[in-house]
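A, B, ... follow the sequence lines: proteins, then strands. Residue 1 opens every chain. Note that the coordinates shown come from a computational prediction; the quantities given were computed from them, not determined experimentally.
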There are 2 protein chains.
Amino acid sequence: MLENDRSRSATHQSYAVLRDRILNGQLPGGTKIVEEKIASELGFSRTPIRESIRKLEYEGLIINKRVVKPTEKDLRNNFQMRILLEGYAAQCAASFLPEQDLQALYECVEIGRKGTNEEIMDANERFHEIIVRASNNAVMIDTIDRMQSLIYLFRKTVVLNQRPHLIDEHEQIYEAIKARNGEKAADLMKSHLQADLDFCLHIIG
Amino acid sequence: MLENDRSRSATHQSYAVLRDRILNGQLPGGTKIVEEKIASELGFSRTPIRESIRKLEYEGLIINKRVVKPTEKDLRNNFQMRILLEGYAAQCAASFLPEQDLQALYECVEIGRKGTNEEIMDANERFHEIIVRASNNAVMIDTIDRMQSLIYLFRKTVVLNQRPHLIDEHEQIYEAIKARNGEKAADLMKSHLQADLDFCLHIIG
DNA sequence: TTTATTAAAAATGTATACAAAAATTAAAAA
DNA sequence: TTTTTAATTTTTGTATACATTTTTAATAAA
């Protein structure tokens, strides 16, 4: 389902392009971002470019007019946040997640077992998203959403390197939620994320 | 110590003025924000005004070109986040807070007992800020910082209405941190915030 | 009345020009 | 050489004009 980007605003288009280039490595960490350069390259004026750069700054992808180069500490900080927030969200999910979402959660597990790399990454993201939404807390959803870009840079590593047990852990979490065991779901989510963190640290270390 | 605002950028000045007007009620919830109107009123062009409005949108003070009118649910959501994050931060503080900050924490308690309303509000904010910083997690500090404006709108209520035990609770938290008892500090912080929430709900209900 | 339709206006989005500030380079002094 | 200073260039900040979209108001049809 291709969206016609010409119908979106220049700000939105340039934001999407820049974000994409940062996330896929075309604009590697440390790259200097110059408004005029980007503007003429994308065929817009500086005005919408400025605005999309600000957006990326709020998202943490650009700092001081340079593409962010996340450190090991950034990695730890992001995961510590996720452990707190998604642990709570998993607990909520156990209490409140509707049958339909439970189904969707299980489908993510299945895709995790037999999908392509691309599909697995999407399913992984969706799995966490469904649970986060179960928190029913817009501030939380927003916060994690904003952290998503940074997280993505790392999660790519995890999935591309096929961390062992990743999908098994998802399935266990799914089972705990299905059994409506909030405490167990939260604990499993926390150790799942801790394992993700450890694996990332191991890979990049 | 007055800062010369003429030396700051138009964007920064207009941001500061708008934020202030929203927080002190001059621009009440629901007010329509029109770029041109604000621009001519403050004597700037639309360009810097646009940028400061975006900033306030990211902070959650403006939604859909209107000043936010926080609901009871917003209140609950914000406090739920704080309970998770500041609970963790209190635990960190018990482990890592340097002697000097401990001192500063105690001063906040003292001011809470014998300061003016204005001073008490500042001290209250500082008390929480010191603890949040002890998390040593930039993502967390940033997140809470962004939530600060919304929180402020409510915290004003709490302090102006003189919630009973507020300072006693602060002192207990301080004692637990001083005793380096992380688990107790976290628990006390959580119930402190829960009490704040309950009081706010009681006032506005 | 109520609901559609259309005209007017108001407000936002974008481009462009110029001013101010920051970064870079070149020249002079140590 | 190295360091300072000044000149130059680059980049960002701001104002303004115009285009596009959204909102509002007015009119006509149901």
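Checking the phosphate oxygens (OP1, OP2) of C:dG13, a side-chain nitrogen or oxygen of B:Arg54 falls inside 4.0 Å. For D:dT12, the OP1/OP2 oxygens have no side-chain nitrogen or oxygen of A:Arg50 closer than 4.0 Å. The side chain of A:Arg46 contributes no N or O atom lying less than 4.0 Å from OP1 or OP2 of C:dT14.
B:Lys32 has its NZ atom 18 Å from the P atom of C:dA9, to the nearest Å. The distance between atom CG of B:Asn64 and atom P of D:dT23, rounded to the nearest whole Å, is 9 Å. One can place CD of B:Glu36 at 15 Å from P of D:dC18, the figure rounded to the nearest angstrom. Taking atom CZ of residue B:Arg8 and atom C1' of nucleotide C:dA21, one finds them 15 Å apart after rounding to whole Å. Residue A:Glu51 contributes atom CD, which lies 16 Å from atom P of D:dT12 at whole-angstrom precision. Protein atom CD of B:Glu35 is 14 Å distant from nucleotide atom P of D:dT22, rounded to whole Å. Rounded to an integer number of Å, the gap from A:Phe44 CZ to D:dA19 C1' is 15 Å. Spacing between atom CD of B:Gln13 and atom C1' of C:dA20 amounts to 15 Å, rounded to whole angstrom units.
Between A:Tyr174 and A:Tyr106, the two ring planes are tilted [angle within 30° to 60°].
Residue-to-nucleotide proximity on DNA chain D shows that, of A:Val34 and A:Thr47, the 5′-proximal contact is made by A:Val34.
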**Q.** Candidate pair B:His170 and B:His128, rule ring pair (Phe, Tyr, Trp, His ring centres under 6.0 Å), full reasoning
**A.** CA-CA 9 Å; B:His170 277 194; B:His128 284 271; 5.3 Å; yes

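Figure legend. C:dA7 is base-paired to D:dT24; pairs are counted as Watson-Crick or G-U wobble with both atom distances under 3.5 Å.
Using a 4.0 Å cut-off between a side-chain N of Lys or Arg and a carboxylate O of Asp or Glu, A:Lys37 and A:Glu41 do not qualify as a salt bridge. For B:Glu59 and B:Arg19, the salt-bridge test passes: some basic side-chain N is under 4.0 Å from an acidic carboxylate O.
In this structure, B:Ile53 reaches neither bases nor backbone, as no heavy-atom distance under 4.0 Å exists between it and the strands shown.
Between A:Asn77 and B:Met140, the closest side-chain pair of non-hydrogen atoms is not below 4.5 Å.
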